[in-house]
Amino acid sequence: MRRQIRTDRAPAPVGPYSVGTATESLLFCAAQAGIDPVTGTLVDGGTGPQTEQAMANLAAVLDADGLSLADVVKTTIYLVEIEEFALVNEIYGSLMGEPAPARTTIGVAALPVGARVEIEMIAARR
């Protein structure tokens, strides 16, 4: 059985998807860009601030299901400029605990709404 996760602390979906879908043991978080959930627009400042906001959005989705970044087992990061890997890695690493989850980082040609970075996560219940 699966449940739809909702929170007003992360941007509302802009299509036919959920910000999170939970099963008994896993939470699948839809990819989040650096969109401010209050204004509905990308945060200013480029990749760094967008990464911080995307992580805050994901933390809000996790929290809505009683989980946290410490419960994340897999992350996928999509970057428009793969050269910004080190910057994203520094921000991501400062927010994720040990043991670090498995992760894939992919360079892409473009992301929705002009985002520079988008991050998705899978978390497991303990």
Side-chain angles (χ1 to χ4, degrees):
M1 186 156 115
R2 61 183 183 163
R3 296 176 285 110
Q4 181 181 31
I5 304 304
R6 293 187 173 112
T7 180
D8 59 359
R9 296 183 312 141
V14 295
Y17 65 90
S18 301
V19 295
T21 300
T23 68
E24 287 182 26
S25 58
L26 298 172
L27 172 61
F28 298 86
C29 298
Q32 291 287 323
I35 297 173
D36 181 319
V38 175
T39 66
T41 61
L42 277 175
V43 295
D44 291 331
T47 302
Q50 287 183 27
T51 300
E52 292 167 354
Q53 184 64 57
M55 293 292 289
N57 294 343
L58 286 159
V61 174
L62 291 160
D63 184 62
D65 196 38
L67 299 170
S68 73
L69 292 173
D71 298 304
V72 174
V73 295
K74 175 66 169 87
T75 304
T76 304
I77 300 175
Y78 303 92
L79 273 175
V80 171
E81 295 292 335
I82 200 68
E83 295 80 13
E84 295 181 312
F85 176 83
L87 170 63
V88 172
N89 203 41
E90 181 179 333
I91 295 165
Y92 174 89
S94 73
L95 297 169
M96 300 303 293
E98 291 293 331
R103 188 178 91 186
T104 303
T105 303
I106 302 166
V108 297
L111 290 167
V113 302
R116 309 290 301 155
V117 60
E118 196 170 70
I119 305 169
E120 66 182 23
M121 294 180 168
I122 300 170
R125 294 183 207 300
R126 296 176 191 207

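Position 1 is the first residue of the sequence, and the numbers go up from there.
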What side-chain donor-acceptor pairs closer than 3.5 Å can you find for residues 20-30, not counting sequence neighbours?
{"unit_1": "T23", "atom_1": "OG1", "unit_2": "S25", "atom_2": "N", "d": "3.3"}
{"unit_1": "T23", "atom_1": "OG1", "unit_2": "L26", "atom_2": "N", "d": "3.0"}
{"unit_1": "T23", "atom_1": "OG1", "unit_2": "L26", "atom_2": "O", "d": "3.3"}

| query | Any link between L58 and I91 through a network of hydrophobic side chains (Ile, Leu, Val, Met, Phe, Trp, Tyr) touching at under 4.5 Å? | reply | yes
| query | Does L42 sit in a hydrophobic cluster with other residues, and if so which ones, taking ILVMFWY side chains as linked at heavy-atom separations under 4.5 Å, directly or through other members? | reply | I35, V113
| Any salt bridge (Lys or Arg N to Asp or Glu O under 4.0 Å) pairs touching residues 105-124, not counting sequence neighbours? | E81-R116, E84-R116
| task | Keeping to residues at least two apart or across chains, list the side-chain hydrogen bond (donor to acceptor under 3.5 Å, both in side chains) pairs with something in residues 10-20. | result | Q4-S18
| remark: In short, P11 meets V19 closest at the heavy-atom pair O-CG1, 3.5 Å
| query | What are the two closest non-hydrogen atoms of P49 and G45, and how far apart are they? | reply | CD-O, 3.4 Å
| request: May I have all residue pairs that pass salt bridge (Lys or Arg N to Asp or Glu O under 4.0 Å) and include part of residues 88-104, sequence neighbours excluded? | output: none
| field | side chain to side chain donor-acceptor pair (under 3.5 Å) against E52, all qualifying residues, sequence neighbours excluded | value | none
| Could you go step by step and tell me if T51 and L87 meet the side-chain contact (heavy atoms from CB on, under 4.5 Å) rule? | CA-CA 9 Å; T51 300; L87 170 63; 6.0 Å; no
| side chain to side chain contact (heavy atoms under 4.5 Å, CB included) partners of P101, counting only residues at least two apart | V72, T75, Y92, M96
| remark: T39 meets the side chain to side chain donor-acceptor pair (under 3.5 Å) criterion, sequence neighbours left out, with T41
| said: Once salt bridge (Lys or Arg N to Asp or Glu O under 4.0 Å) is applied, what residue pairs with a partner in residues 34-49 remain, sequence neighbours excluded? | reply: none
| note | Closest heavy-atom pair, A33 versus A115, reported as atoms and distance to 0.1 Å, is CB-CB, 3.8 Å
| Could you state the interatomic distance from CD1 (I119) to CG (N57), rounded to the nearest 0.5 Å? | 9.5 Å
| Hydrophobic cluster (4.5 angstrom, side-chain heavy atoms) - remaining members for Y78 | V80, I106, V108, L111
Show which side-chain atoms of residues 61-71 pair as donor or acceptor with protein atoms under 3.5 Å away, not counting sequence neighbours.
{"unit_1": "D63", "atom_1": "OD2", "unit_2": "R9", "atom_2": "NH2", "d": "2.6"}
{"unit_1": "D65", "atom_1": "OD1", "unit_2": "R3", "atom_2": "NH1", "d": "3.0"}
{"unit_1": "D65", "atom_1": "OD1", "unit_2": "R3", "atom_2": "NH2", "d": "3.2"}
{"unit_1": "D65", "atom_1": "OD2", "unit_2": "R125", "atom_2": "NH1", "d": "3.0"}
{"unit_1": "D65", "atom_1": "OD2", "unit_2": "R125", "atom_2": "NH2", "d": "2.4"}
{"unit_1": "S68", "atom_1": "OG", "unit_2": "A70", "atom_2": "N", "d": "3.2"}
{"unit_1": "D71", "atom_1": "OD1", "unit_2": "R126", "atom_2": "NE", "d": "2.6"}
{"unit_1": "D71", "atom_1": "OD1", "unit_2": "R126", "atom_2": "NH2", "d": "3.4"}
{"unit_1": "D71", "atom_1": "OD2", "unit_2": "S68", "atom_2": "N", "d": "2.9"}

